[in-house]
2 protein chains.
Amino acid sequence: MAYDFDIYIKQHINLSDEDVQLMRSMSLEKTAHRKEILLKPGDVCRYKMFIISGMVRLYRTREDGSEHIMHFATENEWMTEPESLNHGTPTTYYIEALEDSHLLLWTKRDFTQLCVAIPQLKTYSEDIIAKNLAMTRERVFNTMSATAEERYDDFIRDYPDVFNRIPLHMVASYLGVSLKTLTRVRQAQVKR
Amino acid sequence: MAYDFDIYIKQHINLSDEDVQLMRSMSLEKTAHRKEILLKPGDVCRYKMFIISGMVRLYRTREDGSEHIMHFATENEWMTEPESLNHGTPTTYYIEALEDSHLLLWTKRDFTQLCVAIPQLKTYSEDIIAKNLAMTRERVFNTMSATAEERYDDFIRDYPDVFNRIPLHMVASYLGVSLKTLTRVRQAQVKR
DNA sequence: GTAAAACGGGGACAAATGTCCTCTTTCAGG
DNA sequence: CCTGAAAGAGGACATTTGTCCCCGTTTTAC
């Protein structure tokens, strides 16, 4: 139910019932089925997305068809492709629903308007970007300096819920290793 | 000379002379010598920094002492550690001057004040963060999916000036490969 | 000006990882 | 409920990359 959004948003930024109603009134409600592509290369990303239920992933492919996952988002998390959304330029990313999902969408224009009406929302959304940057820097550091096994353990520690809901080949794709390497890491751990 | 800042900032956000004077009046001017450490793990990052001349790098180390470079900044670029600056928490990064450098510094408080007085500055600084996020995501993708040679070529193409001012072992450290691997890549290219 | 450190190429070898393949098992969708 | 696709383990082998050396040159700092 979309009520979950009301509860979530009130907990995270102190909003009046009227503010929540305002946000809801400008949102688009959407359901996406498992494997539905919500954004693909060449598209312009039009929405900021809040996940009420389900799960989506952000990924890119190389010319050889290999997929590389940048981000997962589950219940009560946000997803967008800011580069394309902000500048109105074609994206290079895919966004795909990994489960049947229930979403709320806002266009850039509506969200900007909301930020004017609700200053806390502006602060909150800036915070999300800054956190994303810190996370992504952390990930660069890990990818460069940690072994496949360390990164695998970190992933399970940091995203246990995601881990339990996705196939292993997507874990591999997120970690930046082949499925083979992941299998080997897991096998080595079983033997201990 | 610090005049460079005036020219730069006027070109990038349309400021009146008074606004520039206001920014300058709240800045701290600092010179740093080559190899000077401006921030180290455990410190709280107090400043946003503009590089008038010289060059700085942002990097982290692992327990084994290995260095991993996250970012370089040269003339007319900004540097800070936003995670620590924003939350007042101890950083895990180093910032080091790679050349004798001439810097302008603003505390978080002063910069926030300036953003209130100069709204364009706020927009500009948000833009810088968003660009940083896009860049860092790009880098995750490259680190995961491109070969050492591709990343090396990309680095030279994207940062030719930086490339010409740093030793090769720092290029390796930025690319996330050993100096040996970099040497091999370069050797292979000579032979073609 | 000089001693020490930094730089960076190269050999030998080991470890990590990828590719290609096969073979079960599980699961999704009509 | 049935069927084809997806998932994932594992073997064989090649490739990439790292580590540990050594060594000659260049640069830095006093």
Side-chain angles (χ1 to χ4, degrees), chain A residues 32-37 54-55 57 59 61-69 96-101 142-153 155-156 162-192, chain B residues 32-37 54-55 57 59 61-69 96-101 142-153 155-156 162-192:
Chain A
H33 62 260
R34 185 181 131 87
K35 296 198 177 173
E36 185 170 337
I37 301 289
M55 179 172 195
R57 65 167 172 158
Y59 70 99
T61 57
R62 285 191 59 101
E63 315 75 40
D64 64 6
S66 61
E67 293 179 0
H68 301 272
I69 302 176
E96 181 198 15
L98 292 178
E99 304 173 351
D100 293 343
S101 299
N142 275 329
T143 307
M144 290 195 322
S145 72
T147 65
E149 178 160 13
E150 288 170 319
R151 272 142 59 207
Y152 172 67
D153 292 339
F155 184 78
I156 296 181
V162 172
F163 178 75
N164 285 312
R165 290 160 71 177
I166 61 174
L168 287 174
H169 69 84
M170 286 196 190
V171 177
S173 164
Y174 181 88
L175 297 180
V177 297
S178 66
L179 177 58
K180 181 72 199 183
T181 297
L182 185 59
T183 300
R184 281 197 270 243
V185 165
R186 287 164 54 80
Q187 198 45 40
Q189 294 190 344
V190 167
K191 286 180 181 157
R192 287 188 224 133
Chain B
H33 61 260
R34 185 181 132 86
K35 297 198 178 174
E36 184 170 337
I37 300 290
M55 178 172 197
R57 65 166 173 159
Y59 70 98
T61 56
R62 286 193 56 102
E63 314 77 38
D64 65 7
S66 60
E67 292 180 0
H68 301 273
I69 300 176
E96 180 198 17
L98 292 178
E99 304 173 350
D100 293 342
S101 300
N142 275 328
T143 307
M144 291 195 322
S145 71
T147 64
E149 178 160 13
E150 288 170 320
R151 272 143 58 208
Y152 173 66
D153 292 340
F155 184 79
I156 296 180
V162 172
F163 178 76
N164 286 311
R165 289 160 72 177
I166 61 175
L168 287 175
H169 69 85
M170 287 196 190
V171 176
S173 164
Y174 181 88
L175 297 180
V177 297
S178 65
L179 177 58
K180 182 71 196 184
T181 297
L182 185 59
T183 300
R184 281 196 270 242
V185 166
R186 286 163 56 80
Q187 199 45 40
Q189 293 190 343
V190 168
K191 286 180 181 158
R192 288 189 222 132

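Letters A, B, ... mirror the listed sequences (proteins, then strands); counts begin at 1.
A/Glu150 and A/Asn142 share no donor-acceptor pair across their side chains, judged by distance under 3.5 Å alone. Judged purely by distance below 3.5 Å, without hydrogens or angles, the side chains of A/Tyr152 and A/Arg186 pair a donor atom with an acceptor atom.
Looking at which nucleotide of DNA chain C each of A/Gly176 and B/His169 is closest to, the 5′-most match is held by B/His169. When each of B/Leu179 and A/Val185 is assigned the nucleotide of DNA chain C bearing its nearest heavy atom, the one mapping closer to the 5' terminus is B/Leu179.
Per the geometry, NE2 belonging to B/His68 stands 13 Å off C1' belonging to D/dG18, to the nearest Å. Taking atom CE on A/Met170 and atom C1' on D/dA6, their separation rounds to 10 Å, with Å as the unit. The CG-P distance, from B/Leu175 to D/dG18, rounds to 11 Å in whole Å. Atom CE in B/Met144 sits roughly 16 Å away from atom C1' in C/dG18 (whole-Å rounding). Taking atom CZ on A/Arg186 and atom P on C/dT17, their separation rounds to 16 Å, with Å as the unit. At whole-Å resolution of the value, OH in A/Tyr152 and P in C/dT17 are 15 Å apart. At whole-Å resolution of the value, CG in A/Leu182 and P in C/dG18 are 10 Å apart.
Look at A/Thr181 and you won't find any side-chain N or O under 4.0 angstrom from OP1 or OP2 of C/dT17. Residue A/Gln187 places at least one side-chain N or O under 4.0 Å from the OP1 or OP2 atom of D/dG10. One finds a side-chain N or O of A/Arg34 lying less than 4.0 angstrom from the OP1 or OP2 phosphate oxygen of C/dG29.
For A/Lys35 against C/dG29, a side-chain-to-base donor-acceptor contact under 3.5 Å is absent. Evaluation of atom-type donor-acceptor distances gives no pair under 3.5 Å for the side chain of B/Lys180 against the base of C/dG9.
Contacts of B/Arg184 with the nucleic acid, taken as non-hydrogen atoms under 4.0 Å apart, include base atoms.
For A/Thr183, whose side chain is taken as the heavy atoms from C-beta onward, the closest listed nucleotide among C/dT19, D/dG10, C/dG8 is D/dG10.
Within the 4.5 Å cutoff, the side chain of B/Asp100 has no heavy atoms near those of the B/Glu36 side chain.
Using a distance-only test at 3.5 Å, with no hydrogens or angles considered, a donor-acceptor pair links the side chain of B/Ser101 to the main chain of B/Met55.
Relative orientation of the B/Phe163 and B/Phe155 rings is perpendicular, given thresholds of 30° and 60° on the angle between their planes.
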